[in-house]
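What follows is one structure encoded as structure tokens, with my remarks underneath.
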Amino acid sequence: MPVHNTEIATIFDHVADLLEIREANRFRVRAYRNAARTVRDQSRSVADMLEDGEDLSELPDIGEDLAAKIAEIVRTGSLPFLDEISGEVPEAIVAATRIPGIGPKRARALFDALGLGSIDDLRKAADEGRIVEVEGFGPKTQAKIRDELARGDFAEHRIRLDIAEDFAEPLVEWIRQIDGVKKAMIAGSYRRRKETVGDLDILVAGEDGAAIIDRFTRYDEVADIASKGKTRSTVTLRAGLQVDLRVVPEASWGAALHYFTGSKAHNIAGRRRAQDRDLKLNEYGVFDGEKRIAGATEEEVYDKIGLPWIAPALRENRGEIEAAEEGALPRLVALDDIKGDLHAHTTASDGKNTLREMAQAAQERGYEYLAISDHSKSQRVAGGLSEDEIEAQIDEIDRLNEAFDGFRLLKSCEVDILEDGALDFSDALLGKLDLVVASVHSKFDLAEDAQTDRIVRAMDNPRVSIIGHPTGRLVGERRPYAVDVERLVVAARQRGCWLELNADPHRLDLNDVNCRMAKEHEVKIAISTDAHSTGGLGNMRHGIDQGRRGWLCAADVLNTRSWNAVSRLLRRG
DNA sequence: GCCGTTTTCGGCCCGACTGTTTTCAGTCG
């Protein structure tokens, strides 16, 4: 059973949690967290890297010790060191640190002082008013613990970016109207266009922070005010979304935007660079001693630490700083580069609009082409088409195309990959299409080898152009089916087949890390909306956001090309 | 536990806010 990067990272994070509670050296704790991050962010499986004889200690933040521990995990599936220390710290203390405002020190203090053994014990202690008896704890903390435990679920919940937009955009517009607000912008993972956000980080330029924050906390949808100071405030909206507001003087706008956009790892790397240059970087600017030498714009902040401006989508400390240093930052793909959409449905299967309506909507977007890829016959619940119905659709597309000027509908289908890797339509029919998208819609529970073999077998069919939503995951709802994405990428490269980045914000499949892996293997990506309505074509921007996070340039994306160029790339041996 | 053209020890990002305290530790981002 291959050990996945995420399993190794989870073990290291767990070690860090436990060490922190045991009050181990905080830099040692950080080392485990950094290592977890490094492993999680690798586009390749570190188990495979080990097998290939690579030296893991060459990875950032992985030294001799942690490389050996990774090898141990890969070999045995577990880490004895974790078992050793987990025996000494009750899991309940780790769980208690997830209560906002309770960290490792205070959780440990509570459990020790009151002799607690479980979260239930903690709940009882809070209900019975025993928390206040512990030194350093008062009535507010006790009430907070009671409230949080009563609500039950204090696991981190992130919401999809497109949903966050519905709350964020009206809120930031409203903030811009507040007296004294000169600029307002949403930073954080929202600005980095991560597929989900845990909270909203809003930055404001203005002088009278206290007044602005006071007004902010009286926004209509604010349900709870967690903190409220002169420069920052944290509230929770009725919808459960946490919002952090930060107010800075205009002269610090760029430095604050940089700081508040993150990621944390990118910021830390930037501050180290500042230190190396005997400068200090914080949210107010870049400082040489007491003197601020930059801060108004992000460009000048980066310039003072010896770097060109870096696009927010790349700020994850996944090599963007090194790339910037070498002048090798990618010119990321943009929405304007897109010339067409290679995956869409109509009323013929489970779409909401007709061929003609979809074609018109695509033309209004300025596209040169739109591929109609309705479902195949096995997809009964999604109104999959029979071979005869596809034949009829081919004729109708031919007729419609005669009337178009500078635009064409492409004959396609989203053919099901059956359990054994065979396709749901005959080769003869598939041969009549301009392109074929092949997707998995059933048997998600196959073992990894079987699932991967299945998809590779589908790629063996030279009529298959693109694998649709290659991992089947639904953001926040359904984990990817067990599949070795690297094997898919390599197989696609060998066969001249390409992979989809499904732009539907529920899917965003491939994810950012996998997109980057595909790019590194020179496998082109089709950013496709899988639109089931004319409005669905508008999801292209979400795919672009995700592709940018995966370092994709226009050249890495199939549908930044005219149809002639795309069709040449789709032609297989 | 990691890291290094100030290397094999002594550093390790920086600041705001809260609750509990009387000057600050803990937590958070």
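Note on naming: letters A, B, ... go to the chains in the order of the sequence lines (proteins, then strands), and numbering restarts at 1 for each one.
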Within this structure, what is the CD1-to-P distance between A:Ile225 and B:dG19, rounded to whole angstrom? 12 Å

Distance check, C1' atoms only: B:dT23 and B:dC17, in whole angstrom units. 15 Å

Rounding to an integer number of angstrom, what distance separates B:dG1 and B:dT6 when you compare their P atoms? 28 Å

Please name the nucleotide paired to B:dG26 by Watson-Crick or G-U wobble geometry with both distances under 3.5 Å, or report none. B:dC17

Nearest to the A:Thr141 side chain among B:dC14, B:dT20, B:dT18, which nucleotide is it? B:dT20

Using a cut-off of 4.0 Å on non-hydrogen atoms, how would the nucleic acid contact of A:Gln275 be classed: base, sugar-phosphate, or nothing? sugar-phosphate

Distance, rounded to the nearest Å, where A:Ile102 contributes CD1 and B:dG19 contributes C1': 11 Å

Is the phosphate of B:dA16, meaning OP1 or OP2, less than 4.0 Å from a side-chain N or O of A:Ser227? no

In whole Å, measure the gap between the C1' atoms of B:dC13 and B:dC28 for me. 14 Å

Less than 4.0 angstrom between a side-chain N/O of A:Arg30 and OP1 or OP2 of B:dC13, yes or no? yes

Would you classify A:Ile268 as touching base, sugar-phosphate or nothing, given that sugar-phosphate means primed atoms plus P, OP1 and OP2, and contacts are heavy atoms under 4.0 Å? base

Of the nucleotides B:dG15, B:dT18, B:dC12, which one has an atom closest to the side chain of A:Arg272? B:dC12

Mind checking the P distance from B:dT21 to B:dG26? Whole angstroms is fine. 14 Å

Mind calculating the distance between CD (A:Glu283) and C1' (B:dA16) to the nearest angstrom? 8 Å

Nearest whole Å is fine: how far is B:dG1 P from A:Glu20 CD? 15 Å

Would you mind checking if A:Asp214 and A:Arg218 are paired as a salt bridge, meaning a charged N to carboxylate O distance below 4.0 Å? yes

Is B:dT21 syn or is it anti, if syn means the base angle is within 90 degrees of 0? anti

Quick check: on DNA chain B, is the nucleotide nearest A:Asp276 upstream (toward 5') of the one nearest A:Asp61, or the reverse? Name the residue that is more 5'. A:Asp61

From B:dC2, B:dT18, B:dC12, pick the nucleotide closest to the side chain of A:Asp65? B:dC2

The single option from A:His258, A:Glu298, A:Glu300 that satisfies side chain to side chain donor-acceptor pair (under 3.5 Å) with A:Trp309 is A:Glu298

With a 4.0 Å cut-off on heavy atoms, is A:Asp244 in touch with a base, just the backbone sugar-phosphate, or nothing at all? sugar-phosphate

Can you tell me which nucleotide in B:dG1, B:dT27, B:dG15 comes closest to the side chain of A:Asn282? B:dG15

Tell me whether the side-chain N/O atoms of A:Lys69 come closer than 4.0 Å to OP1 or OP2 in B:dG1. yes

A:Ile544, A:Ile525, A:Asp512, A:Leu332 screened by side chain to side chain contact (heavy atoms under 4.5 Å, CB included) with A:Leu552, the one that passes: A:Ile525

Quickly work out the A:Phe137 CZ to B:dT20 C1' distance and round it to whole Å. 10 Å

Check the phosphate of B:dG29 against A:Gln242, side-chain N and O only, distance under 4.0 Å to OP1 or OP2. Yes or no? yes

Hey, does A:Lys264 reach any base, or is it just sugar-phosphate, or nothing, if we go heavy atoms under 4.0 Å? base

Assign A:Tyr259 to base, sugar-phosphate, or nothing according to its heavy-atom contacts below 4.0 angstrom with the strands shown. base

Rounded to whole Å, the CZ-P distance (A:Phe260 to B:dG29) equals 10 Å

Would you classify A:Lys144 as touching base, sugar-phosphate or nothing, given that sugar-phosphate means primed atoms plus P, OP1 and OP2, and contacts are heavy atoms under 4.0 Å? nothing

Looking across every strand, which nucleic acid part, if any, lies under 4.0 Å from A:Asp201 by heavy atom: base, sugar-phosphate, or nothing? sugar-phosphate

DNA chain B nearest-nucleotide lookup for A:Gly136 and A:Leu279: closer to the 5′ end is A:Leu279

In whole angstrom, give me the gap between the P atoms of B:dG19 and B:dC12. 31 Å

Base, sugar-phosphate alone, or nothing: which one does A:Arg246 contact when heavy atoms must sit under 4.0 Å apart? sugar-phosphate

Between B:dC2 and B:dT7, how many Å separate the two C1' atoms, rounded to a whole number? 13 Å

Between A:Arg176 and A:Glu173, does at least one N-O distance fall below 4.0 Å, as a salt bridge requires? yes

May I ask you to test the A:Ile73-A:Glu7 pair for a side-chain heavy-atom distance under 4.5 Å? no

Mind calculating the distance between CD (A:Glu58) and C1' (B:dG4) to the nearest angstrom? 16 Å

Could you check whether A:Arg192 pairs with A:Glu320 (Lys NZ or Arg NE/NH1/NH2 to Asp/Glu carboxylate O, under 4.0 Å)? no

Where the side chain of A:Arg106 is defined as all heavy atoms beyond and including C-beta, which of B:dT20, B:dT27, B:dG1 is the nearest nucleotide? B:dT27

When the distance from CG of A:Asp224 to C1' of B:dT18 is rounded to whole Å, what number comes out? 14 Å

Any salt bridge linking A:Arg193 with A:Glu165? Criterion: basic side-chain nitrogen under 4.0 Å from a carboxylate oxygen. yes

Would you find a donor on one side and an acceptor on the other, under 3.5 Å apart, between the side chain of A:Glu486 and the backbone of A:Arg44? no

Across the strands shown, which category fits A:Arg28 at heavy-atom distances under 4.0 angstrom: base, sugar-phosphate, nothing? base

How far, in whole Å, is B:dG11 from B:dA16 if one measures between their C1' atoms? 25 Å

